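Basis for what follows: all heavy atoms, side chains included, without hydrogens, waters or symmetry-related copies. As the structure is a prediction and not an experimental result, all values here were calculated from the model.
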Amino acid sequence: IKEIGFNQAFEYLNDGTFKEFTVVNQVQEHFSYYLEPYEQLFVEARRYLKEKRGLSDDTIDFFYDKGVLAQANAKVGDVIEPVLVFKNLDKNGQVVGAALQGLVAAPDKYFGRGYLKQIMKNSQPYNGMYVDIGTPNRLVFAESSIDLMSYYELHKDSLSDVRLVSLEGLKTGTIGRHLIQLQAEMERRPLSSSWTDEILAQGLDEAVKQGYFKDGKNSHLLTLAVDNDAKGKQLIEELKDKSIPVIDATPPKAEGQSKMDWNAYLQETKATFSTEKYQEKIDNLISDIILGDETYYLWHDDELVNLG
């Protein structure tokens with residue numbers, strides 16, 4: 001069997017002669033972003049991201065300006081409630097899917113989560129919110145959109161030429177899809193219109209078959225900034241067992257902690273920093289008081305000597 005490169009595989013696939021596996025055609029209903037007429041000023045959503053999630057205005061503005069954030073009123077059951085919308089955009093900037101995050105706490109209604117969390121109906125499969133920094137030549141994946149924003153805030157000074165992608169879970173199909181799309185962009189080749197969502201989702205397996213990662217090639221391409229827990233570590237090990245090189249960018253966790261995600265780590269980092277800055281102010285104030293007292297007593301002693 002003649003080994004061919006991943007780029008040759010793209011040409012092979014685009015010729016329409018790909019017969020490695022049979023796809024059972026499933027009709028994907030057209031996605032409709034029906035919330036557009038109900039979008040609101042980005043006020044409660046900003047407050048939620050800042051106060052509940054610890055994100056900065058700069059980070060929020062970065063993603064908002066990319067067109068992937070919105071606030072809207074959504075009908076949930078028989079109730080209308082404000083939601084934060086994380087949009088999935090195609091290459092033309094059209095909304096092809098979205099994840100919703102409730103802005104009103106309802107722990108009795110959303111047991112275990114406290115807020116509404118929902119994928120909009122008919123959202124494009126194996127996709128998620130993503131943003132580009134520079135001209136991407138690698139991919140960073142986080143488990144959720146908020147974790148992705150948190151990772152960005154903590155690493156923005158070192159991020160360049162990268163695509164940041166939310167997996168909305170631990171979906172290897174999303175990794176495969178974005179691998180194929182990014183490779184096509186770097187090769188300046190369009191994807192065949194015959195490629196279904198299911199074919200795109202096979203991107204990782206196809207890359208391995210075609211030797212894309214052989215002998216350490218492209219080992220810089222995939223970074224997994226997923227949760228530091230049993231499931232996140234299991235995904236990383238499973239990919240490595242398939243000879244798919246990934247960079248482990250899970251957030252640090254303390255001894256005894258069972259889980260850490262990037263948003264929790266961001267909030268812990270900011271809380272520690274705030275405590276340290278507060279302590280520094282207290283120490284400086286005490287130092288000033290002590291210095292002031294010493295100056296006073298030195299002056300007082302001199303006066304007593306002069307009086308004597």
Side-chain angles (χ1 to χ4, degrees), residues 6-16 18 23 26-36 39 61-70 72 85-100 119-142 144-145 148-149 151-152 156 159-169 171-207 210 212 218 220-225:
F6 195 48
N7 297 339
Q8 290 174 290
F10 270 102
E11 296 174 356
Y12 188 51
L13 289 168
N14 280 324
D15 287 340
F18 182 63
V23 175
Q26 296 180 346
V27 178
Q28 169 70 26
E29 294 184 36
H30 177 70
F31 173 78
S32 173
Y33 181 56
Y34 55 82
L35 290 178
E36 186 171 10
E39 289 191 354
D61 290 341
F62 173 79
F63 283 84
Y64 185 82
D65 292 343
K66 292 284 188 178
V68 296
L69 300 181
V85 184
F86 299 104
K87 299 178 181 180
N88 309 341
L89 307 180
D90 65 12
K91 64 180 181 180
N92 299 315
Q94 297 300 307
V95 185
V96 294
L100 307 181
I119 303 295
M120 286 188 71
K121 184 178 180 180
N122 298 324
S123 289
Q124 188 178 66
Y126 313 113
N127 209 342
M129 184 189 84
Y130 74 89
V131 296
D132 290 346
I133 299 174
T135 303
N137 55 28
R138 65 188 186 93
L139 296 158
V140 174
F141 297 94
S144 72
S145 297
L148 192 72
M149 296 174 71
Y151 179 88
Y152 165 82
K156 59 184 177 182
L159 292 173
S160 61
D161 296 333
V162 62
R163 176 165 294 164
L164 308 178
V165 185
S166 170
L167 291 172
E168 299 301 338
K171 303 170 185 173
T172 56
T174 301
I175 300 175
R177 179 188 201 108
H178 279 275
L179 172 62
I180 288 181
Q181 289 179 336
L182 180 61
Q183 181 66 27
E185 291 173 21
M186 291 192 296
E187 293 295 320
R188 300 180 182 276
R189 72 174 73 241
L191 290 177
S192 171
S193 59
S194 65
W195 283 36
T196 65
D197 294 320
E198 286 72 23
I199 289 178
L200 291 171
Q202 298 292 326
L204 281 176
D205 291 335
E206 187 60 31
Q210 305 302 337
Y212 187 63
N218 301 301
H220 72 288
L221 193 62
L222 305 176
T223 296
L224 292 189

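Annotation: the span from Leu148 atom CG to Phe86 atom CZ amounts to 10.0 Å, rounded to 0.5 Å. Distance check: Leu167 CG to Thr172 OG1 gives 9.0 Å after rounding to the nearest 0.5 Å. Residue Arg138 holds its CZ atom at 12.0 Å from CE of Met186, rounded to the nearest 0.5 Å. Between atom CD1 of residue Ile199 and atom CD1 of residue Ile180 there is a gap of 8.5 Å, rounded to the nearest 0.5 Å. Here CD of Glu206 is found 11.5 Å from CG of Leu200. Values are rounded to the nearest 0.5 Å. One finds the CZ atom of Arg189 at 8.0 Å from the CD atom of Gln183 (value rounded to the nearest 0.5 Å).
Within a 6.0 Å radius of OH in Tyr64, other residues, nucleotides and ligands contribute 12 heavy atoms or fewer. More than 12 heavy-atom neighbours from other residues, nucleotides or ligands sit within 6.0 angstrom of NZ on Lys156. Surrounding CD of Glu36 are at most 12 heavy atoms belonging to other residues, nucleotides or ligands under 6.0 Å away.
What you find for Ser166 and Ser145 is that their closest heavy atoms are OG-N, 3.1 Å. In terms of heavy atoms, Phe31 sits closest to Asn122 at CB-O, 3.2 Å. Taking both residues in full, the closest heavy atoms of Asp197 and Arg177 are given as OD1-NH1, 2.9 Å, listed atom of the first, atom of the second, then distance. Nearest heavy atoms, Ser123 versus Gly97: OG-CA, 3.3 Å.
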Inset, instruction - I would like to know whether Glu168 and Asn88 meet side-chain contact (heavy atoms from CB on, under 4.5 Å); could you show each step before the answer? - result: CA-CA 11 Å; Glu168 299 301 338; Asn88 309 341; 5.6 Å; no
Legend entry - Derivation of the side-chain contact (heavy atoms from CB on, under 4.5 Å) call for Gln94 and Tyr33: CA-CA 10 Å; Gln94 297 300 307; Tyr33 181 56; over 6 Å; no
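In this structure, the side chain of Thr135 does not engage the main chain of Asp161 through any donor-acceptor pair within 3.5 Å. In this structure, Asp90 contributes its side chain and Asn92 its backbone to a donor-acceptor pair below 3.5 Å.
Each of Leu159, Asp132, Thr223 was compared with Leu164 under the side-chain contact (heavy atoms from CB on, under 4.5 Å) criterion, and only Leu159 meets it.
Ring geometry for Tyr152 against Phe62 counts as parallel: the plane angle stays under 30°, on a 0 to 90° scale with 60° as the upper cut.
Taking the side chain as every heavy atom from C-beta outward, Leu100 and Val85 approach each other to under 4.5 Å.
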